[in-house]
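Take a look at the structure set out below.
Note that these values count all heavy atoms, side chains included, but never hydrogens, waters or copies made by symmetry. Each chain gets a letter, A, B and so on, in the order its sequence line appears, and its residues count up from 1.
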Amino acid sequence: MLDIAFIRQNTDVVRAAIKNKRLTVDVDELLAADRERRETLVALEGKRREKNDLSARIPKAAKEERPALVETAKGVRAAIEELEPRLAEIERRYTDLLLRIPSVPRPEVPIGGGEEDNVEVRKVGTPRAFDFEPRDHVALCGLLGLVDQEGPRKYAGGRSYALKGMGALLELAVTRLAVDVLVARGLTMVIPPVMVKERALVGTGFFPTGREEAYSIPEDQLFLVGTSEVPLVSLHCDDILDAGSMPIRYAGISPCFRREAGAAGKDTKGLYRVHQFTKVEQVVFCVPDEAVAEDEHYKLLANAEAVLAKLEIPYRVMLACTGEIGIGQTRKHEVESWMPGREAYSETHSCSTLGDFQARRSNIRLRLADGALTFPYTLNNTAIASPRILIPLLENHQNADGSVTLPKALVPYMNGIERLRPA
RNA sequence: GGAGAGAUGACCGAGUGGCCGAAGGUGCAUGAUUGGAAAUCAUGUGUACGGGCAACCGUACCGAGGGUUCGAAUCCCUCUCUCUCCGCCA
């Protein structure tokens with residue numbers, strides 16, 4: 001959410017952000033609602049003041065004057081009762097529009113519409129030249145007995161799967177490896193709730209735009225989170241954080257649930273796009289200073305790269321263009337891991353700065369040393385998401401016989417197993 | 001799921017219809033005192049929104065929402081959350 005005062009004073013900047021992010025909300029409609037809201041508020045507050053004045057005079061007034069004052073007060077109350085629902089209606093409209101206004105991308109973010117406009121920042125590692133025909137992860141999983149997709153499809157539907165045997169152990173291993181990297185780098189581990197109230201999703205910017213991506217539990221008015229970013233940021237909702245506590249760096253691990261509403265028919269094979277996965281996520285709160293936030297952003301990126309380095313997976317880092325970054329993000333890097341089966345780099349990590357967008361929505365405030373209140377900045381990045389990460393892991397480390405040699409760093413997490421072999 | 005108790009400012013806690021944005025205490029800040037500190041004393045100490053160039057003014061907020069009333073922290077209703085006991089349970 002942006003400060004309404006900022007929107008009033010920088011309407012053109014906001015308009016450009018909406019256009020560049022390929023969104024459709026109407027700023028002029030918002031500004032009109034804002035004007036109407038303030039006019040109605042002034043009128044209502046004037047009436048309330050009259051009411052308060054009269055109520056204060058009545059007990060002091062002479063007995064014979066009271067009935068007249070009470071009658072006047074009744075009239076004022078009627079006026080208030082007429083204005084209140086009108087204001088409530090205007091505010092509903094106003095708030096809904098305000099929640100759809102995106103944050104303004106940083107100047108370095110390239111303007112563009114789709115993936116093709118993302119800018120490559122660097123490539124790390126070299127895709128292996130195979131001297132045999134490499135298998136894709138679906139074939140490898142079959143050969144190694146890592147996944148059951150047939151069974152779950154019957155009782156859980158499409159995009160479901162069950163990790164089995166070494167596949168299940170592999171997920172535990174890579175997530176634990178990522179956790180250890182983050183803990184060694186000073187992040188505080190959190191295992192958060194994954195069923196949350198609507199306010200957490202509104203607060204983190206996933207609602208109302210993007211509502212169709214979330215699974216809901218209507219009976220209890222709860223939603224399943226698509227990332228632990230949601231509960232991790234919400235951990236501090238309504239809090240006033242102390243400047244001395246900045247930055248706060250969390251590492252969360254959780255199952256993540258996504259409906260993949262707009263992706264029907266896309267990536268239906270294998271483990272690339274699934275409804276449920278496990279993710280180790282990093283979330284940072286820092287002081288609202290662009291230089292500090294930038295520094296934290298690159299630290300988060302470096303953490304993710306450290307995980308990929310341990311897994312010996314080649315990757316490239318992309319700076320996402322305006323059309324590819326979310327409503328609240330002011331800057332996003334994607335890390336794309338090399339997937340031989342696709343013969344392409346594909347997204348495995350997403351590193352974002354959101355400015356005070358989430359803090360405003362979640363009512364997370366920061367008390368500065370001089371006593372002033374502001375909103376902290378929030379950032380987040382994937383550390384590892386499984387099973388998607390298993391795709392490059394298996395495909396890059398496969399051998400001609402269908403076996404997979406595990407990267408050294410992973411071996412201790414697999415209880416000394418160095419190689420997965422076909423049954 | 002059943003029975004009961006509760007929710008007030010940074011914290012503790014008083015307040016059962018107007019004099020309550022809210023006593024008192026703690027904490028915190030500033031000043032006095034001191035060689036310095038402690039102790040003591042004095043003063044101050046919420047947030048949001050709106051109006052105003054500003055000083056400042058107004059409105060709202062005592063878990064949330066609704067109702068009664070000229071007037072609600074105080075009365076009524078609904079809900080949420082916390083705690084205790086019972087049941088169930090990984």
Interatomic distance, R35(A) CZ vs G50(B) P [rounded to whole Å] | 14 Å
Applying side-chain hydrogen bond (donor to acceptor under 3.5 Å, both in side chains), name anything that partners E281(A), two or more places apart in sequence or on another chain.
-> K279(A)
Whole-Å P distance, G63(B) and U8(B) | 6 Å
How far does the C1' atom of G44(B) sit from the matching atom of A10(B), given to the nearest Å?
-> 16 Å
Atom CD of E115(A) with >12 non-hydrogen neighbours under 6.0 angstrom = no
Would you mind listing every side chain to side chain donor-acceptor pair (under 3.5 Å) that reaches into residues 194-207 of chain A, with sequence neighbours excluded?
-> E198(A)-R211(A), R199(A)-D238(A)
Taking only residues two or more places apart in sequence or in another chain, which ones pass side-chain hydrogen bond (donor to acceptor under 3.5 Å, both in side chains) with E82(A)?
-> R86(A)
Sequence neighbours excluded and cut-off under 3.5 Å, please list the side-chain donor-acceptor pairs for residues 101-114 of chain A, or say none.
from, atom 1, to, atom 2, distance (Å)
S103(A), OG, K21(A), NZ, 3.2
S103(A), OG, I327(A), O, 3.4
S103(A), OG, G328(A), O, 2.7
S103(A), OG, Q329(A), O, 3.1
R106(A), NE, E290(A), OE1, 3.3
E108(A), OE2, R331(A), NH1, 2.7

Is R57(A) touching bases, backbone alone, or none of the nucleic acid, heavy atoms closer than 4.0 Å?
-> nothing
Can you give the dot-bracket line for RNA chain B, where a pair is Watson-Crick or G-U wobble with both atom distances under 3.5 Å, crossing pairs use [ ], and | marks a partner on another strand?
-> ((((((((.[[[..)..(.....]]]((((((.......))))))((((((....)))))).[[[[[..)....]]]]])))))))....
Hey, can you pull the donor-acceptor pairs under 3.5 Å for the side chains in residues 48-57 of chain A, sequence neighbours left out?
from, atom 1, to, atom 2, distance (Å)
R48(A), NH2, E84(A), OE2, 3.0
E50(A), OE2, K47(A), NZ, 3.3
S55(A), OG, K51(A), O, 3.0

Short heteroatom pairs, N/O only, protein and nucleotides 7-12 of chain B, under 3.5 Å:
none

So does R38(A) get a side-chain nitrogen or oxygen closer than 4.0 Å to the phosphate oxygens (OP1/OP2) of G51(B)?
-> yes
Compile the donor-acceptor pairs under 3.5 Å between side chains in residues 414-423 of chain A and protein atoms, sequence neighbours left out, one pair per line.
from, atom 1, to, atom 2, distance (Å)
R419(A), NE, S403(A), OG, 3.0
R419(A), NH2, S403(A), OG, 3.0

What N/O pairs connect the protein and nucleotides 54-64 of chain B at under 3.5 Å? Give each pair on its own line.
from, atom 1, to, atom 2, distance (Å)
G58(B), N2, E45(A), OE1, 3.1
G58(B), N2, E45(A), OE2, 3.2
U59(B), OP1, N52(A), ND2, 3.3
U59(B), O2', R48(A), NH1, 3.3
A60(B), OP2, N52(A), ND2, 3.4

Select base, sugar-phosphate, or nothing to describe what I240(A) touches, counting heavy atoms under 4.0 Å on all strands.
-> nothing
Report the residues that fulfil side-chain hydrogen bond (donor to acceptor under 3.5 Å, both in side chains) with Q282(A), sequence neighbours left out, ordered by chain and then residue number.
-> N303(A)
C1'-based separation of C89(B) from C20(B) [nearest Å] = 48 Å
Starting from P on C79(B), measure out to CD on Q221(A) and report it in whole angstrom.
-> 13 Å
Produce the list of close N/O pairs, under 3.5 Å, pairing protein atoms with atoms of nucleotides 18-22 of chain B; give distances to one decimal.
from, atom 1, to, atom 2, distance (Å)
G18(B), N2, S55(A), O, 2.8

In numerical order, the residues of residues 93-100 of chain A whose heavy atoms come under 4.0 Å of RNA chain B are none
On RNA chain B, check which nucleotide each of V42(A) and L373(A) is closest to and give me the residue with the more 5' one.
-> L373(A)
Does C49(B) have OP1 or OP2 sitting under 4.0 Å from an N or O in the side chain of R37(A)?
-> no
